Amino acid sequence: MLYVTADLYDADACHVKYHIIATSSVANMFGQESMRIVCKDVTAETLYDVLHDTSYRKKWDTNMIDTFDIGRLTVNADVGYYSWKCPSPLKNRDFVTMRSWLPLGNDYLIINYSVKHPEYPPKKDYVRAVSLLTGYLIQSSGANCCTLYYLTQVDPRGSLPKWVVNRASQLVAPKAMKKIYKACLKYPEWKRKHEPNLKPWRYPEQNTLPCINVADLTVQRADSLENIDESSVSEEKAQHHSDDDET
């Protein structure tokens with residue numbers, strides 16, 4: 001069992017607290033990861049909107065390759081696709097997840113987990129990863145401040161090098177939290193220029209996604225997916241590929 005805890009601060013009044021709990025087979029599973037970030041000058045409503053707004057996500061999520069909504073199940077549940085970059089020469093990963101959300105007075109809850117959709121099977125050039133459970137809890141801390149709690153347990157499929165797991169848990173994930181915070185600071189101005197009244201996650205009558213029959217979905221089991229071995233890829237080789245990609 002591995003347990004890591006740390007507090008990170010920066011000059012942007014952003015505080016990230018995280019801990020990671022992983023099994024001994026750390027190269028095969030990310031284990032359970034939880035983080036907390038205090039966001040000053042950001043309302044809970046703004047943070048909630050940023051986490052929902054896929055159009056805006058394409059502006060700030062530099063690790064993302066693509067994301068889109070597939071269809072809706074209810075007024076507060078949908079199915080979506082997300083793919084993200086892995087350090088080259090590792091294969092990129094993607095998800096198909098069912099997401100649900102719930103306003104709780106001044107607070108908000110968003111959760112997702114992986115599902116199988118018949119029209120979105122695994123792609124040839126990606127490894128289909130599995131979100132066992134991912135959740136965001138946004139708690140209002142006053143008129144212009146909130147706290148984001150993030151919990152995730154993801155199976156990236158395959159045997160990953162330990163340096164990838166370490167980088168993801170100790171560097172990438174905390175940086176992603178701070179990136180969300182900075183995106184929140186810029187969101188109100190951006191949204192004023194991009195369909196400011198369109199927020200289907202708040203106003204279900206605006207949702208034009210096709211309806212999905214829940215009977216067409218099944219929970220995505222990790223053991224039914226490809227399990228590739230990338231454990232031998234060195235960090236130096238990955239860095240070399242990254243340099244080539246930039247030239």
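For clarity, every value in this text was computed on a predicted model and none was experimentally measured.
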ask   = Are Lys123 and Ser83 linked by a side-chain donor-acceptor pair shorter than 3.5 Å?
value = no
key: Same apolar cluster: Ile70 and Met98, side chain cutoff 4.5 Å   = yes
inquiry  = Working note: Val79 + Val96, criterion side chain to side chain contact (heavy atoms under 4.5 Å, CB included); need CA distance, chi angles, decisive distance, verdict.
reply    = CA-CA 7 Å; Val79 176; Val96 173; 3.9 Å; yes
task = Answer yes or no: is there a side-chain heavy-atom contact under 4.5 Å between Cys145 and Val38?
result = yes
task = Can you measure from SG (Cys184) to CD1 (Ile138) and round to the nearest 0.5 angstrom?
result = 8.0 Å
message = Atom CD of residue position Gln206 - does it have more than 12 heavy atoms of other residues, nucleotides or ligands inside 6.0 Å?
response = yes
query = Does Tyr81 have its ring centroid less than 6.0 Å away from the ring centroid of Tyr120?
reply = no
task = Taking salt bridge (charged side-chain N to carboxylate O under 4.0 Å, His left out) as the test, write out the residues that go with Lys199, two or more places apart.
result = Asp49
ask   = Rounded to the nearest 0.5 Å, what separation is found between the CZ atom of Arg57 and the CZ atom of Phe68?
value = 14.0 Å
request  = Check the hydrophobic clustering (I, L, V, M, F, W, Y; side-chain heavy atoms under 4.5 Å; chains of links allowed) and say if Trp190 and Leu51 are grouped together.
outcome  = yes
query = What are the two closest non-hydrogen atoms of Asn92 and Lys85, and how far apart are they?
reply = OD1-CA, 3.4 Å
Check: Trp84 ring centre within less than 6.0 Å of Phe95 ring centre = yes
query = Can you tell if the side chain of Thr43 reaches within under 4.5 Å of the side chain of Tyr48, non-hydrogen atoms only?
reply = no
For Arg221, all residues meeting salt bridge (charged side-chain N to carboxylate O under 4.0 Å, His left out), sequence neighbours excluded = none
request  = Determine whether more than 12 heavy atoms belonging to other residues, nucleotides or ligands lie under 6.0 Å from atom CD of Glu205.
outcome  = yes
message = I need the minimum non-hydrogen distance between Val154 and Thr134, along with the two atoms involved.
response = CG2-OG1, 4.3 Å
Cluster overlap Ile111 with Leu102, hydrophobic side-chain contacts below 4.5 Å = yes
key: Sequence-distant partners of Lys116, salt bridge (charged side-chain N to carboxylate O under 4.0 Å, His left out), two or more places apart   = none
query = Quick one: ring pair (Phe, Tyr, Trp, His ring centres under 6.0 Å) partners of Tyr113, sequence neighbours excluded?
reply = none
ask   = Parallel under 30°, tilted from 30 to 60°, perpendicular over 60°: which one fits the rings of Trp101 and His52?
value = perpendicular
inquiry  = For Val50 and Val42: C-alpha separation, side-chain torsions, deciding distance, then whether side chain to side chain contact (heavy atoms under 4.5 Å, CB included) applies.
reply    = CA-CA 11 Å; Val50 167; Val42 174; over 6 Å; no
ask   = Leu132 and Leu137: same hydrophobic cluster, using ILVMFWY side-chain contacts below 4.5 Å?
value = no
Asp61 side chain near Thr67 side chain, heavy-atom distance below 4.5 Å = no
task = Give a yes or no on whether Leu73 and Val115 share a hydrophobic cluster (residues Ile, Leu, Val, Met, Phe, Trp, Tyr; joining criterion: side-chain heavy atoms under 4.5 Å apart).
result = yes
key: Residues in side-chain contact (heavy atoms from CB on, under 4.5 Å) contact with Ser140, at least two apart in sequence or another chain   = Ala44, Asn106, Asp107
message = If I take atom CG from residue Leu104 and atom CD from residue Gln139, how far apart are they, to the nearest 0.5 angstrom?
response = 9.5 Å
query = Between atom CD1 of Ile180 and atom CG of Leu47, what is the distance when rounded to the nearest 0.5 Å?
reply = 7.0 Å
key: Ser114 versus Ser131, closest heavy-atom pair with distance   = OG-N, 2.7 Å
ask   = Minimum heavy-atom separation for Ala129 to Arg93, with atom names?
value = CB-CG, 3.8 Å
key: More than 12 heavy atoms of other groups within 6.0 Å of Lys186 NZ   = no
query = Closest heavy-atom contact between Gly71 and Ile212?
reply = CA-CD1, 3.4 Å
query = How many angstroms lie between atom CG of Asp66 and atom OG1 of Thr54, to the nearest 0.5 angstrom?
reply = 10.0 Å
query = Any chance the side chains of Tyr82 and Asn112 put a donor and an acceptor closer than 3.5 Å?
reply = no
Residues forming a salt bridge (charged side-chain N to carboxylate O under 4.0 Å, His left out) with Arg99, sequence neighbours excluded = Asp69, Asp78
request  = For Tyr56 and His194, indicate whether the former's side chain and the latter's backbone hold a donor-acceptor pair under 3.5 Å.
outcome  = no
task = Search all heavy atoms of Leu185 against all heavy atoms of Lys40 and return the closest pair with its distance.
result = CD2-O, 4.0 Å
inquiry  = Do Trp60 and Tyr187 have side chains that approach each other closer than 4.5 Å (heavy atoms only, starting at C-beta)?
reply    = no
key: Distance, nearest 0.5 Å, that separates NE2 of His117 from CD of Gln220   = 13.0 Å
